[in-house]
Amino acid sequence: MPTKTKTIKNFVHARLYVKATFNNTLVNVTDDHGNSLVWSSSGNVGFKGSRKSTPFAATTAIEKALKKAQDLGIKKLSVYLKGPGLGRDAALRFLRSKRDFDVDMISDVTPVAHNGPRAPKQRKG
């Protein structure tokens with residue numbers, strides 16, 4: 001059976017999505033079309049339980065994902081932050097300290113509710 005050769009593609013520009021929830025931080029690096037190239041999370045790095053929601057765990061997850069992305073030849077990043085967790089601030093701090101990537105845009109894509117559900121009925125009595 002012939003062995004399958006792995007093709008390595010070089011990307012110059014990519015998108016970095018950071019979803020910071022109260023329990024975990026998910027990091028995904030995609031190409032310009034949205035195809036996932038590299039991903040990581042606080043749980044994937046080795047943190048369990050309440051330690052997954054710490055800024056240090058988020059920094060470690062981002063560092064792991066960007067190290068893999070650097071192997072693909074990525075030089076420029078567009079950063080999209082989402083969610084209310086502690087990992088979003090840790091992501092910004094890490095990207096400012098890291099000079100390996102040229103960050104051309106940082107955007108907050110957290111969904112904001114405009115109206116909410118219907119108000120409860122008035123109490124009888």
Whether F47 and F56 hold their rings parallel, tilted or perpendicular, with breakpoints at 30° and 60°: perpendicular
Heavy-atom closest pair, residues T59 and A90: OG1-CB, 3.5 Å
Atom pair OG/CG of S42 and L26 - distance to nearest 0.5 Å: 7.5 Å
Atom pair CG/CZ of L86 and F22 - distance to nearest 0.5 Å: 8.5 Å
side-chain hydrogen bond (donor to acceptor under 3.5 Å, both in side chains) between N23 and T21, intermediate numbers included: CA-CA 5 Å; N23 296 321; T21 64; 5.5 Å; no
4.5 Å side-chain heavy-atom contact, L81 and L92: yes
S40 to V45 - nearest heavy-atom pair and separation: OG-CG2, 3.6 Å
Residue pair S78 / D104, side-chain heavy-atom distance below 4.5 Å: yes
Shortest non-hydrogen separation from R88 to K82 and the atoms involved: NH1-C, 4.3 Å
Inter-residue atom distance W39.CH2 - K64.NZ, 0.5 Å rounding: 7.5 Å
Nearest atoms (heavy-atom pairs only) where A14 meets V29: CB-CG1, 3.9 Å
Euclidean distance, K75 NZ relative to F101 CZ, rounded to 0.5 Å: 8.5 Å
Between NZ on residue K19 and OG1 on residue T110, distance to nearest 0.5 Å: 10.5 Å
Among L66, N28, T30, the one residue meeting side-chain contact (heavy atoms from CB on, under 4.5 Å) with L16: L66
Inter-residue atom distance I74.CD1 - K68.NZ, 0.5 Å rounding: 12.5 Å
R15 (side chain) donor-acceptor with D32 (main chain) under 3.5 angstrom: yes
Smallest separation among heavy atoms of G43 and N24, with atom names: N-OD1, 3.6 Å
Minimum heavy-atom distance A58-T25, with the two atoms named: CB-OG1, 3.6 Å
